[in-house]
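In this chain, residues are counted from 1 in sequence order.
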Amino acid sequence: MTARPPVPPFTRETAIEKVRQAEDGWNTRDPEKVALAYTKDSRWRNRAEFVTGRDEIVAFLTRKWTRELDYRLIKELWAFDGNRIAVRFAYESHDDSGNWYRSYGNENWEFDETGLMAVRHACINDLPIKETDRKYDWPLGRRPDDHPGLSDLGL
């Protein structure tokens with residue numbers, strides 16, 4: 001199996017790098033590509049849904065990004081130790097009726113020795129917002145390096 005650097009044990013710098021890689025991947029909104037960052041038997045809890053393995057991850061993300069349109073995500077390192085990383089995040093998206101949301105959450109991640117995520121626990125809350133209250137205004141895709149992060153935005 002090919003390693004997916006950075007690999008554990010994480011330093012502050014490599015944990016920040018891993019978080020940005022995850023953010024960048026999810027901002028592609030490409031379920032097949034995103035699933036490659038997880039072990040073949042990765043286990044997730046996402047809100048009240050339990051997902052196991054890459055096939056289920058792809059199906060989950062396909063459903064997610066069919067409902068959550070114009071999805072843009074920012075993740076920020078919260079803590080790390082050994083092969084674990086905790087992040088907080090917020091994303092903005094709208095439904096097919098044009099209702100906008102900012103979804104806030106926390107994730108706990110556990111990685112295998114090759115740097116693939118084996119376990120992901122996510123807690124998420126959705127806040128309805130007006131389109132004029134959006135804070136994520138970059139073109140779809142990767143967040144530009146000069147775009148503020150969560151702390152800079154006061155989120």
Partner of E23 by salt bridge (charged side-chain N to carboxylate O under 4.0 Å, His left out), out of K75, R143, R142: R143
Rounded distance (nearest 0.5 Å) linking atom OG1 of T66 with atom CG of D95: 13.0 Å
Between N99 and H94, a side-chain donor and acceptor under 3.5 Å: no
Shared hydrophobic cluster, V119 / Y38 (ILVMFWY, side-chain heavy atoms < 4.5 Å): no
Atom pair CD/CG of E107 and N46 - distance to nearest 0.5 Å: 7.5 Å
Check: A90 main-chain N/O paired with S103 side-chain donor or acceptor under 3.5 Å: no
For R84, all residues meeting salt bridge (Lys or Arg N to Asp or Glu O under 4.0 Å), sequence neighbours excluded: E110
Check: W26 ring centre within less than 6.0 Å of F89 ring centre: no
Test item: side-chain donor near acceptor, R134 and Y136, under 3.5 Å: no
Partner set under side chain to side chain contact (heavy atoms under 4.5 Å, CB included) for F50, not counting sequence neighbours: R45
Check against salt bridge (Lys or Arg N to Asp or Glu O under 4.0 Å), D55 and K40: CA-CA 8 Å; D55 289 342; K40 290 182 180 180; over 6 Å; no
Under 3.5 Å donor-acceptor, E92 side chain and W100 backbone: no
Distance, nearest 0.5 Å, that separates OG of S93 from NZ of K64: 7.0 Å
No-hydrogen, no-angle side-chain donor-acceptor test under 3.5 Å, T39 and D112: no
Shortest non-hydrogen separation from R88 to S151 and the atoms involved: NH2-OG, 3.5 Å
I16 side chain reached by F80 side chain, heavy atoms, under 4.5 Å: no
Transitive ILVMFWY side-chain link M117 to I57, under 4.5 Å: yes
Atom CD of E49 with >12 non-hydrogen neighbours under 6.0 angstrom: yes
Nearest-0.5 Å distance that lies between atom CG in D41 and atom CZ in R43: 8.0 Å
Residue pair R120 / N108, side-chain donor-acceptor N/O under 3.5 Å: no
Nearest-0.5 Å distance, CG of residue L150 to CG of residue L73: 8.5 Å
Within one Ile-Leu-Val-Met-Phe-Trp-Tyr cluster: I74 and L69, side-chain cutoff 4.5 Å: no
Approximate separation, where rounding is to 0.5 Å, of L77 CG and F10 CZ: 10.5 Å
Any donor-acceptor N or O pair under 3.5 Å, side chains E76, W78: no
Sidechain-backbone polar pair: S42 side chain, A118 backbone, donor-acceptor under 3.5 Å: yes
ILVMFWY cluster, V19 and L155 together (side-chain gap under 4.5 Å): no
Proximity of Y91 and Y101 rings by center, below 6.0 Å: no
Donor-acceptor pair, side chain of K135 and main chain of R102, under 3.5 angstrom: no
Exercise: identify the closest heavy-atom pair between V58 and T62: O-OG1, 2.7 Å
By side chain to side chain donor-acceptor pair (under 3.5 Å) - contacts of D81 (at least two apart): none
R72 side chain to D70 backbone, donor-acceptor under 3.5 Å: yes
Backbone N/O of W65 and side chain of R67: donor-acceptor pair under 3.5 Å: no
Which atom of L36 lies closest to which atom of L116, heavy atoms considered: O-CD2, 3.3 Å
